[in-house]
S.K.: 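Okay, handing you the structure first.
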Number of protein chains: 2
Amino acid sequence: MYSLIDIQKRLLPDMLAVMQKRYGILHYIGLMEPVGRRSLAVSMGLTERVLRSEVEFLKDQNLIRISSTGMSLSSDGKELLEALEGIMRDISGIAVMEQELSRKLGIRQAIIVSGNSDESPWVKQELGRATAMCMKTRLKGKNIIAVTGGSTMAAVAEMLTPDLAERDWLFVPARGGIGEDVKNQANTICAKMADHTDSRHRVLYVPDQVSREMYESIIKEPNIKEVITQIKSASMVLHGIGDAITMAERRKTSEEDLVKIKQAKAVGESFGYYFNEGGEVVHKVQTIGLQLDDLSEIEHVVAVAGGSTKAKAIAAYMKRAPSSTILVTDEGAAKQLIKG
Amino acid sequence: MYSLIDIQKRLLPDMLAVMQKRYGILHYIGLMEPVGRRSLAVSMGLTERVLRSEVEFLKDQNLIRISSTGMSLSSDGKELLEALEGIMRDISGIAVMEQELSRKLGIRQAIIVSGNSDESPWVKQELGRATAMCMKTRLKGKNIIAVTGGSTMAAVAEMLTPDLAERDWLFVPARGGIGEDVKNQANTICAKMADHTDSRHRVLYVPDQVSREMYESIIKEPNIKEVITQIKSASMVLHGIGDAITMAERRKTSEEDLVKIKQAKAVGESFGYYFNEGGEVVHKVQTIGLQLDDLSEIEHVVAVAGGSTKAKAIAAYMKRAPSSTILVTDEGAAKQLIKG
DNA sequence: CCCGCATAGACATATTATGTCCCACTTACC
DNA sequence: GGTAAGTGGGACATAATATGTCTATGCGGG
């Protein structure tokens, strides 16, 4: 069921990174031998001292030879490198993909879980777990977390555990109601997240398509006003990304808007904004709360979406996403994204 | 050719130990849950703080749950533990065997390489490599190393590499000639070791069975005298262990002694001493140099011997060996030793 | 013959691991 | 119902390790 590597990833999470680093060094030395530390260090983006420690280790293991002309692989090293090349492809395929994907999309980090949530429903749980882990790592102490709706976010909520509670979190819905099922509404999800982590949440219920006067009066409501302030000062936004047509149809979208969305060739949707393939906003659900431009002010922006069918939507949204974005996705989507 | 684990052992040698430690903790928690840190720490022979760090890590990985009543496995933890149990048997079988063997023989450390040198000749090379690694780890700076003869020691000599040279070593034969082939004589091996490590060596050639007067005059020889002083001040002794009958026959042993050795049911031999199963010395080759009683004065005593047929010899010798002994052996011998 | 690149040493500093106590709390047993 | 033993967690000094930075010195090609 679990492979050796999966177990090791769980039991020594740093192992993979270290293996990759050392593999990379051997690989480079193999290519450039004989080579000196400095040039190697700049080639690999490591500081000289760190590389030096690694090199000393490799020398102790008799994998490389060091002479006054530079470093080169020993016969053991060559042998090992050869064996490693095959293994690394399988093992750290995902880690490599993460690097590649984050570079390609121009975002801070990509986290990939194995599987494809289109095919295997449990992969959504893995997405949830990975997201939870990411939140745990990134957030210390008191935090406000703004959350959107959607089935993926609901899965994330399910996977949160109370051991995060210590951190004093407050969940707020990122935007006013944008007409999903109650089950997948931001309000519901916030409540569930708060419940799972023994923390607090706020609600924000406002109808879509508010008129000007309605808006003015709603905005003056002290409760609402406070929530909005909290949203704007959130340190993390957690949001899903949806397929544009699916989302539009699932929501109570007016016939008129539906046509507009379809005609504009929208492919992606995120917190009420619809994007075409070029990343342009072709439609937005008018509601109060977090706006697209606010994202750049927020420290951690975490997008969660998986499944190969969502690749286009993710790609579209990522054209517009702030560079501080963290994407949590699955192998299915990631492969598509890298290909496309 | 190389398995994943072999590669990992080379690329991150600590990994295995850490995995074992964490596996052990999970295992114990599974057995004793709910259990507290302190009682766990004493059960496992870890200090409380170290265990605490590990426990915090495991908690971060959601493998265990911590409550005020103690620690217990989470469902993830149970699942992982189950998978680990199977894997650990294969993976760290050797590490476990090393622990067990050193405990059983009452020696400082047992190092086991996989394979059986009776069946696969290349395993002797692995023994050599492991011995070289051990020397590297244990010896810093200036050292005198006393070496005996035998084909195993010859294999060790072959595997030494010049990157050890920095350490300023001096190889000396542990004892006077005890009648082996030139190829496997201590003098020859010392020379080869020195050659392979760019270091120095001394020779000690004295005939066996010296008469009293002969002995007196030899001992006065300044050269010999110096070598003997060096032997006694060695910081490491490297010796093989042989099968008694084989060794006796291979050497130019007198008919009389051969009968004596056979009748006394000698099974093991090491640097000219013959041992029966009880570890008693039943015969010794009279020669100058290191004597059995001198071993306890020497910091590092490394015995190298592999092959399942040598198990009895190893067991016999180990009954008499100082507790500071380090045994380098192979899987074939180790299994026999643990069984018997 | 010298310049550029090489390793290796040295050392201050940042980071992490570890040993040691102590405290407040729960629980189970008397 | 009270007490004792066991629990997790906080705090902090200290040891060990990793890292950044600078320097000395050696080797080889132009």
S.K.: Relative to the 5' end of DNA chain C, which residue comes earlier, B/Thr69 or A/Thr69, by the nucleotide with the nearest heavy atom?
M.R.: A/Thr69

S.K.: Hey, is A/Asp76 close enough to B/Arg129 for a salt bridge, meaning N to O under 4.0 Å?
M.R.: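 Looking at B/Arg129 together with A/Asp76, the answer is yes, because their closest N to O distance falls below 4.0 Å.
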
S.K.: Roughly, in whole Å, what's the span from CD1 in A/Ile64 to P in C/dA6?
M.R.: 14 Å

S.K.: Looking only at side-chain atoms of A/Ser39, point me to the closest of C/dA6, D/dG8, D/dT19.
M.R.: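 From the listed options, C/dA6 comes nearest.
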
S.K.: Let's see if you can work this out: which of C/dA10, C/dT7, C/dT27 has an atom nearest to the side-chain heavy atoms of A/Arg49?
M.R.: C/dA10

S.K.: If you check the B/Ser68 side chain, which of C/dG19, C/dC11, C/dT27 turns out closest?
M.R.: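 Per side-chain heavy atoms of B/Ser68, the pick is C/dT27.
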
S.K.: I need the CD-C1' distance between B/Glu56 and D/dA11, as an integer number of Å.
M.R.: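 Checked: the CD to C1' distance equals 13 Å.
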
S.K.: With no hydrogens and no angle check, is any side-chain donor or acceptor of A/His27 less than 3.5 Å from a backbone partner on A/Tyr23?
M.R.: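 Flag not set: sc A/His27 to bb A/Tyr23 has no pair under 3.5 Å.
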
S.K.: Using whole Å, what does the distance between atom P of nucleotide D/dA18 and atom CD of A/Glu54 come to?
M.R.: 10 Å

S.K.: Can you tell me the distance, in whole Å, between the CZ atom of A/Arg37 and the P atom of D/dC22?
M.R.: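 Taking CZ of A/Arg37 and P of D/dC22, I get 15 Å after rounding.
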
S.K.: Please tell me which of the listed nucleotides, C/dG19, D/dG9, C/dA8, lies nearest to the side chain of B/Arg52?
M.R.: D/dG9

S.K.: How close or far is atom P of C/dT16 from atom CG of A/Asp14, stated in whole angstroms?
M.R.: 11 Å

S.K.: If you only use heavy atoms from C-beta on, which nucleotide in C/dT27, C/dT7, D/dG8 is closest to the side chain of A/Ile66?
M.R.: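 Output: C/dT7.
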
S.K.: Rounded to whole Å, how long is the line connecting atom CG of A/Asp60 with atom P of C/dA8?
M.R.: 11 Å

S.K.: How about B/Tyr28: does its OH atom have over 12 heavy atoms from other parts shown lying under 6.0 Å from it?
M.R.: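 Check fails, neighbour count at 12 or below.
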
S.K.: Do A/Arg38 and C/dG4 have a side chain to base donor-acceptor pair shorter than 3.5 Å?
M.R.: no

S.K.: The side chain of B/Glu48 lies closest to which of these nucleotides: D/dG9, C/dT18, C/dT7?
M.R.: D/dG9

S.K.: For B/Arg65 and D/dG9, what is the distance between atoms CZ and P respectively, to the nearest whole Å?
M.R.: 14 Å

S.K.: Are there over 12 heavy-atom neighbours, none belonging to A/Glu85, within less than 6.0 Å of that residue's CD?
M.R.: yes

S.K.: For B/Val55, which contact category applies under a 4.0 Å heavy-atom criterion: base, sugar-phosphate, or nothing?
M.R.: nothing

S.K.: Using atom NZ of B/Lys59 as one end and atom P of D/dG8 as the other, report the distance to the nearest whole Å.
M.R.: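 These atoms are roughly 11 Å apart.
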
S.K.: Looking at B/Glu54, B/Glu56, B/Glu48, which hits salt bridge (Lys or Arg N to Asp or Glu O under 4.0 Å) with B/Arg52?
M.R.: B/Glu56

S.K.: Give a yes/no on whether any side-chain N or O of B/Thr47 is located under 4.0 angstrom from OP1 or OP2 of C/dG19.
M.R.: yes

S.K.: Could you pick out which residue, B/Ser53 or A/Ser67, lies toward the 5' side of DNA chain C when each is mapped onto its nearest nucleotide?
M.R.: A/Ser67

